Engineer: 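Below: one structure in structure tokens.
No experiment lies behind these values; they were computed from the predicted model shown. Naming convention: chains lettered A, B, ... in sequence-line order (proteins, then strands); numbering from 1 in each chain.
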Protein chains: 2
Amino acid sequence: METTQQAGEPGTAERRRRELLEAADRVVLRDGPKASMNAIAAEAGITKPILYRHFGDKAGLYQALAVRHTDALLDSLRAALDAPAERRSRVESTLDTYLAAIEARPQVYRFLMHPAEDSQAAEKGFDVGVHSAPLLRRLGEELADVIGERVDLGPGGERLARVWGHGIVGMMHAAGDWWLGERPCERAELVSGLTDLLWGRLATAGNRADGPGF
Amino acid sequence: METTQQAGEPGTAERRRRELLEAADRVVLRDGPKASMNAIAAEAGITKPILYRHFGDKAGLYQALAVRHTDALLDSLRAALDAPAERRSRVESTLDTYLAAIEARPQVYRFLMHPAEDSQAAEKGFDVGVHSAPLLRRLGEELADVIGERVDLGPGGERLARVWGHGIVGMMHAAGDWWLGERPCERAELVSGLTDLLWGRLATAGNRADGPGF
DNA sequence: ACCAGCGTGTTACTAGCGGTAACCCATACG
DNA sequence: CGTATGGGTTACCGCTAGTAACACGCTGGT
């Protein structure tokens, strides 16, 4: 219980918000992506309308939660990306950091990857896609920034960096998702395999003698 | 119509099934991934329980629909992958085929990418991840097969091929998703950018003179 | 002292979803 | 005839996200 204080205090609303987010975190960790607003409210010891006052709708709460986790994950990834080592080592340790994170908390990861994706905006008429997990988008943009500001890609390099950012993040995500589900190998093997791919081994590998060629 | 009783007559049930799937297709094309069972039943001119008799539950109908579209898409992709050309051209035309497909029917694409993902099995206790769109998994496995049977990857090549299959498909998917939402460039530019990435240009590109290096 | 107002919380509800039980009716078969 | 069986419906359940509308306690102005 919290000693009720005066109203003007700027911290109170934000503190409540944090408490609610932590409760939501606990529920998501326990129930996975099917966590309901009711369950979260109950875990927080309050009722639904309060949640809605704080976060608007389920997507809002999702977003707030996603920002938290994405921030944390991004910090780890940035640390790996900034470590003093040669480029390949950086990429490998970044991949490994990501995979370790999703391995450690698959429930949270699942929740982040599959947002509510309802929202309106779908009935606006000319909506097109615009979905996918915000987490992925953000990771892609971040990586694009890093690549764009550090690697010399010549003219049009900014656009190319963004393409690569989203492409690499997608590769990491899909491979990690598959790996988490089937566990076909050790984490290190996955990391080195993906890095080999990024290092162009597909281009240099020879055709199999017994195959139709590629 | 002959209405032969006894089992065997394969026409009637399967025909109904196809009609229902086509109706579902129409609704999904119109309403996107938020198409409801009610709406699909209405479009088909019947009521919900019939749908459930045919497909079990929503996931079943989703699966049937996904198989249809995935089959079609896979045929296109295989054609591109099998075309007589050098490896890089094949990869480019495969990417382009995929992107053209999602560009042509974004609604269907969205539906396929975000399955129901409910199911029980989440309350079994030790479930772990196991989700993601079946479409992506299937594409990944297919590509893994192609790579594994055509490219010589040395010892452990089968596992590496699977890693690459899922990784490349994920790259294609995420980049396509982002591109479809923001339309930052022409399709051809995206294709060549991704192919450059797969061809190891990240490894060979130099650092920017004005950056911290990578 | 009193009443306005605001923040914080509640109960009780709506609308719509996935899914199902129970009933309905025609047809083909003994 | 009777009856079983397949295609179909109505009417419901339990759940979800989301929303009034009302109730308490605290602050401050007059």
Engineer: Side-chain N or O of A:T47 less than 4.0 angstrom from OP1 or OP2 on C:dG9?
Structural biologist: no

Engineer: Starting at CZ of B:R15 and ending at P of D:dG7, how long is that distance when rounded to a whole Å?
Structural biologist: 13 Å

Engineer: On the side chain of B:K48, is there an atom forming a donor-acceptor pair with the base of C:dG19 - under 3.5 Å, no angle test?
Structural biologist: yes

Engineer: Over how many whole Å does the gap from B:K58 atom NZ to D:dT16 atom C1' extend?
Structural biologist: 13 Å

Engineer: Could you verify whether a donor N or O on one side chain and an acceptor N or O on the other, from B:D177 and A:H166, lie under 3.5 Å apart?
Structural biologist: no

Engineer: Send over the distance from A:N38 CG to D:dC15 P, rounded to a whole Å.
Structural biologist: 10 Å

Engineer: Suppose we call a contact any N or O donor and acceptor under 3.5 Å apart; does that hold for the side chain of A:R53 and the base of C:dG9?
Structural biologist: yes

Engineer: So how far is it from B:E149 CD to B:E158 CD, rounded to the nearest 0.5 Å?
Structural biologist: 9.0 Å

Engineer: At what distance, to the nearest 0.5 angstrom, does CD of B:E103 lie from CG of B:D96?
Structural biologist: 9.0 Å

Engineer: What is the distance from NE2 of B:H54 to P of C:dG19, rounded to the nearest Å?
Structural biologist: 16 Å

Engineer: Could you state the atom-to-atom distance from CD1 of A:I50 to P of D:dA20 in whole Å?
Structural biologist: 17 Å

Engineer: Between B:P49 and A:Y52, which is nearer to the 5' end of DNA chain D once each is assigned its nearest nucleotide?
Structural biologist: B:P49

Engineer: How long is the line joining CG of A:D57 and P of D:dT19, in whole Å?
Structural biologist: 8 Å

Engineer: From CE of A:M37 over to P of D:dC15, roughly how many Å is that when rounded to an integer?
Structural biologist: 18 Å

Engineer: To the nearest angstrom, how far is A:L20 atom CG from C:dT8 atom C1'?
Structural biologist: 12 Å

Engineer: Is there a side-chain contact between A:Y109 and A:H69 (heavy atoms, below 4.5 Å)?
Structural biologist: no

